[in-house]
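All remarks here apply to the structure that follows.
For clarity, every value in this text was computed on a predicted model and none was experimentally measured.
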Amino acid sequence: MTFQTVEHAYQWKKFSTSCPDIAARILLARSPDAVKKISDTYISNQPEDWNERRVDVMEEILRAKTEQHEDVREILKKTASRTIVENSPVDDFWGGGSSGQGQNIVGTLWMKIRDELSMT
């Protein structure tokens, strides 16, 4: 499938098997912000095991983006060994959060993919 953004792919995956009608709305959303709003509206419909699977799903999506876009691979390589931080002041899980001390899962996944690219 083709997705407009990583957010579209991630939120679509969340609902693709449990609520295909919600997943279809996500595919048609005009922006990542609109996608997030749809997802947040139906959060009670997300699969029970979503929190256990979400990091693996995000990694799969970021890997697909990296494989499909040479410019993404080149930008990752140019970061060398620098720390990559998902600059999200509102998200302490995926990003650095308001304090900059969040878990930064997206940044960590990008660095993992970058490090694997440097070995090839």
Side-chain angles (χ1 to χ4, degrees):
M1 291 189 71
T2 302
F3 298 94
Q4 293 179 51
T5 67
V6 167
E7 190 72 27
H8 281 78
Y10 177 79
Q11 299 298 347
W12 176 86
K13 182 73 172 180
K14 183 187 295 184
F15 296 104
S16 63
T17 55
S18 61
C19 300
D21 54 323
I22 297 169
R25 287 186 59 203
I26 286 168
L27 278 180
L28 298 174
R30 294 181 179 250
S31 69
D33 185 54
V35 167
K36 183 76 168 97
K37 286 178 182 173
I38 293 167
S39 177
D40 288 349
T41 299
Y42 296 102
I43 197 156
S44 63
N45 296 80
Q46 77 182 25
E48 288 183 26
D49 67 341
W50 182 250
N51 285 341
E52 291 80 41
R53 296 186 306 121
R54 64 186 173 166
V55 173
D56 291 338
V57 169
M58 182 61 77
E59 183 173 351
E60 175 186 349
I61 292 165
L62 295 179
R63 285 183 182 286
K65 183 173 183 167
T66 304
E67 290 168 10
Q68 295 167 16
H69 300 281
E70 183 178 351
D71 60 327
V72 172
R73 291 189 301 274
E74 293 306 314
I75 290 167
L76 275 177
K77 288 177 185 177
K78 287 180 181 178
T79 65
S81 62
R82 289 178 285 197
T83 300
I84 299 173
V85 177
E86 172 70 13
N87 185 17
S88 176
V90 296
D91 194 329
D92 289 334
F93 180 75
W94 294 114
S98 59
S99 68
Q101 301 301 310
Q103 293 182 59
N104 190 36
I105 300 299
V106 168
T108 301
L109 290 172
W110 278 126
M111 290 183 288
K112 176 180 178 183
I113 293 166
R114 175 199 59 206
D115 294 347
E116 291 168 4
L117 282 174
S118 69
M119 291 188 277
T120 59

Which pairs, with at least one residue in residues 12-31 and sequence neighbours excluded, count as a salt bridge (charged side-chain N to carboxylate O under 4.0 Å, His left out)? none
Any salt bridge (charged side-chain N to carboxylate O under 4.0 Å, His left out) pairs touching residues 93-113, not counting sequence neighbours? Glu59-Lys112
Tell me if a side-chain donor or acceptor on His8 pairs with a main-chain N or O of Pro32 at a distance below 3.5 Å. no
Whether the side chain of Gln4 engages the backbone of Leu28 through a donor-acceptor N/O pair (distance < 3.5 Å, no angle test) should be reported. no
Is it the case that atom [atom1] in [X] sees more than 12 heavy atoms from other parts of the structure closer than 6.0 Å?
X: Asp115; atom1: CG; result: yes
X: Glu52; atom1: CD; result: yes
X: Lys37; atom1: NZ; result: no

Kindly compute the distance separating [atom1] ([X]) from [atom2] ([Y]), expressed to the nearest 0.5 Å.
X: Ser118; Y: Ile113; atom1: OG; atom2: CD1; result: 12.5 Å
X: Gln46; Y: Ser39; atom1: CD; atom2: OG; result: 7.0 Å
X: Asp56; Y: Met58; atom1: CG; atom2: CE; result: 11.5 Å
X: Gln11; Y: Thr5; atom1: CD; atom2: OG1; result: 9.0 Å
X: Arg73; Y: Lys78; atom1: CZ; atom2: NZ; result: 13.0 Å

For the residue pair [X] and [Y], establish whether any side-chain heavy-atom pair is separated by less than 4.5 Å.
X: Glu7; Y: Lys36; value: yes
X: Val106; Y: Val85; value: no
X: Arg114; Y: Ile84; value: yes
X: Glu74; Y: Asp71; value: no

So, Arg63 and Glu116, do they make that salt bridge, N to O below 4.0 Å? yes
Any chance you could lay out the side chain to side chain contact (heavy atoms under 4.5 Å, CB included) test for Glu67 and Val72, step after step, and finish with the verdict? CA-CA 8 Å; Glu67 290 168 10; Val72 172; over 6 Å; no
Between Thr79 and Trp110, is the side chain to side chain contact (heavy atoms under 4.5 Å, CB included) condition met? List the steps. CA-CA 10 Å; Thr79 65; Trp110 278 126; over 6 Å; no
Leu117-Leu109 co-clustered via ILVMFWY side chain contacts under 4.5 Å: yes
Members sharing Leu27's hydrophobic cluster, built from side-chain contacts under 4.5 Å between Ile, Leu, Val, Met, Phe, Trp and Tyr, are Met1, Phe3, Trp12, Phe15, Ile22, Ile26, Val35, Ile38, Tyr42
Using the rule given for side chain to side chain contact (heavy atoms under 4.5 Å, CB included), can you reason through Gln103 versus Trp94, listing the C-alpha separation, both sets of side-chain angles and the distance that settles it, and then say yes or no? CA-CA 6 Å; Gln103 293 182 59; Trp94 294 114; over 6 Å; no
In short, Cys19 meets Asn45 closest at the heavy-atom pair SG-CB, 3.7 Å
On a heavy-atom basis, the closest approach of Ala34 and Ala29 is CB-CB, 4.1 Å
So Phe93 and Glu86, side chain to side chain contact (heavy atoms under 4.5 Å, CB included) or not? Walk me through it. CA-CA 10 Å; Phe93 180 75; Glu86 172 70 13; over 6 Å; no
